[in-house]
Amino acid sequence: MFNFRFTKQEPDRVEADIFFIDCQKKSGDKKGPGRLFDEDGGTLLDRKLGGLISRIIREEEFEGELGGHKVIYTDGKIVPKKIVILGIGTAEEFDLDTCRRLGSKIAQISDGLRAEKIAFRSQPKKINNLSAAERMQALAEGLVLGGYRFEKYKDKKGIRNPTLKTIVLSYKGDTKPISKAFSLGSVIADAINYARDLVNTPADEMTPERIAKESTAICRGTPLSCKVLGEKEIEREKMGLILAVSKGASNPPRFIHMQYKPARKARLKIALIGKGVTFDSGGYNLKPTRHIEVMKCDMAGAAALLAVMKLMPVIRPKVAVDAFIPAAENMIDGRAGRPGDIAVSRSGKTVEINNTDCEGRLLLADAFNYALEKKPNYIIDLATLTGGVLYALGEIYTAILGNDQRLIDRLIGASKRGGEPTWQLPLEKEYLKGFKEGIADLYNMGKTSASTISGALFLSEFIGKTRWAHLDIAESAWANEDRDYRFKGGTGAGVQTLVRFLMSC
Ligand code: BES
Ligand code: ZN
Ligand code: ZN
């Protein structure tokens, strides 16, 4: 993580490898050179350099589009060695995610220019109703997320190490909330990067046992408690659906329960459930090549929960949080479940497994039943449940469904501020079609092609009246291409949403 300091010096006097200034794009479709500001030192530095900055903007027709930038070597005319003009987009579009994207750009530009120490100026005034602290938190998130690499398996000789170490902020207001916001943003992003690491690690290593080890490591030395059930205990708990999924695996399942309690009496009790399928081959309903090759990502819900719990001692929400992770591998073997087999859930409901690839909902159903015994006020689950969400929302939005509109609205709000947009799909009973036509109480796969909705409806059969929201992160948890501060591979989707939601409770 970065060192963070304040300075009272004027921009032209700050000792830094780079001083960043903003350049804003004209509104709407209007063309033309971008605008410099007085507040961040842009116009002052332009004057000190004899108009060089505005000349570059004009001659190179730099419009200030978000993410665009220009580098200027200052050649000893002022103290900072380089100036970078950073395009920040239009005034209307400026929001928290703009700050994250800019943070990520700053990290990448700085490492690209081999800079160790960078500086910029920020103003205490609100911008588009965002306080300086809110903007600084998002910027720090972007800096840390944008610097993420997964290079554990690469030849170290070929790697260009990042150089950026120190951020110097010129700020003329109360610095306390700003440095707090910077460190909060940094630790949240660090936890997201941890979730990314877990998802990117091959399934061969990231087994149910390893997930359990991660959870005990997270709780050790903190006020959190952690309980791990092994295969025998899962049997004793009568979690027949978890056992059915993991029958063909040589890596046995685990059931993990992590617990956080606030210092004062908890206002609410929230249960979080994360799907932890460490590899989803599909079972005998084997997945095709293009899908199976990324199925180490099927524990992304569990990874997000581990990251969220890791943050608990830092964010210390006022609510009690119980995180439950059913972790299992969905594999093929002589002992694996066959399509058509029937399993008995912990709740007593029987399930005819007409499709062995619909395994996530089986794990979640038993986890719900266990969690419900602790009488939570809310249940929120995070799961890479259905590939069908790709056709509804692509890779960008997470799908949300549930039985409590207030909870859903609050999660959507938190997801938006966290830069992880979420869109609601209807939990409409009619889509339950086909689930009850077999010889058991339920099939695990229905007849509609709206798999994201029917998957959630299957889950709702195990929820009862408890307030519940389901986030289907099947596509948002894994990126197939780089986008802003998210890179090909695990994205850490869900962490921001849950953290911001819990902090607002
Ligand atoms: N793990 C998959 C869902 C998935 C697909 C996650 C693509 C990430 C990327 C899940 O277990 C599954 O296989 N779901 C089926 C459900 C269908 C058969 C109703 C699917 O999406 O095909
Ligand atoms: Zn599956
Ligand atoms: Zn799956």
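All values reported here derive from a predicted model rather than from experimental measurement. In each ligand, atom 1 is the first atom listed, and ligand 1 is the first ligand listed.
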### Message
Can you name the atoms of ligand 1, numbered from 1 with element, that are less than 4.0 Å from a heavy atom of M295?
### Response
1 (N), 4 (C), 5 (C), 6 (C), 7 (C), 8 (C), 9 (C)
### Query
Of all the atoms in ligand 1, which lie at a distance below 4.0 Å from a heavy atom belonging to G387?
3 (C), 4 (C), 5 (C), 7 (C), 20 (C), 21 (O)
### Which residue and heavy atom of the protein sit nearest atom 2 (C) of ligand 1, plus the separation
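For atom 2 (C) of ligand 1, the nearest protein heavy atom is D280 OD2, 3.4 Å.
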### Query
Looking at atom 8 (C) of ligand 1, what's its closest protein heavy atom, distance included?
A474 O, 3.3 Å
### Task
For the Zn ion (ligand 3), decide whether K275 has an N, O or S atom at a distance under 2.8 Å.
yes
### Task
Look at the N, O or S atoms of D280, main chain and side chain alike, and state whether any lies under 2.8 Å from the Zn ion (ligand 3).
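True for D280.
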### Message
Between the Zn ion (ligand 3) and D298, which N, O or S atom of the residue is the nearest one?
### Response
OD2
#### Entry: Minimum-distance N/O/S atom that E359 presents toward the Zn ion (ligand 3)
OE2
Test of understanding: given a 4.0 Å heavy-atom threshold, classify the contact between [X] and ligand 1 as side chain, backbone, both, or neither.
X: L385; answer: backbone
X: K275; answer: side chain
X: D357; answer: both

### Task
Measure the distances from the heavy atoms of M445 to every atom of ligand 1 and state whether one is below 4.0 angstrom.
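Yes.
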Can you confirm, on distance only, whether ligand 1 has an N/O atom lying under 3.5 Å from any N/O atom belonging to [X]?
X: S451; value: no
X: E359; value: yes
X: R361; value: no
X: K287; value: yes
X: C358; value: no
X: D298; value: yes

Looking at [Y] and [X], is any side-chain nitrogen of the basic one under 4.0 Å from a carboxylate oxygen of the acidic one?
X: K436; Y: D441; result: no
X: K447; Y: E437; result: yes
X: D357; Y: K287; result: yes
X: D482; Y: R486; result: no
X: R406; Y: D409; result: no

### Task
With the side chain counted from C-beta on, respond yes when K275 and M299 share a heavy-atom pair under 4.5 Å apart, and no when they do not.
no
### Query
With sequence neighbours excluded, what pairs up with E329 under the side-chain contact (heavy atoms from CB on, under 4.5 Å) test?
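Listed in chain order: A249, N251, T278, F279, M331.
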### Task
State, without any angle test, whether Y485 and E141 hold a side-chain donor-acceptor pair at a distance under 3.5 Å.
no
#### Entry: All pairs passing side chain to side chain donor-acceptor pair (under 3.5 Å) where residues 361-376 contributes a residue, at least two apart
R346-N369, R346-E373
### Task
Kindly indicate whether a cation-pi arrangement holds for K269 with Y378, taking the cut-offs as under 6.0 Å to the six-membered ring centre and within 45° of the axis.
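Pair K269/Y378 does not count as cation-pi.
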### Message
Restricting to N/O/S atoms, is D357 within less than 2.8 Å of the Zn ion (ligand 2) or not?
### Response
yes
### Summary
For L502 and P317, the nearest pair of non-hydrogen atoms, with its separation, is O-CB, 3.6 Å
### Query
What about F182 and F4, are their ring centers closer than 6.0 Å?
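Yes, close enough.
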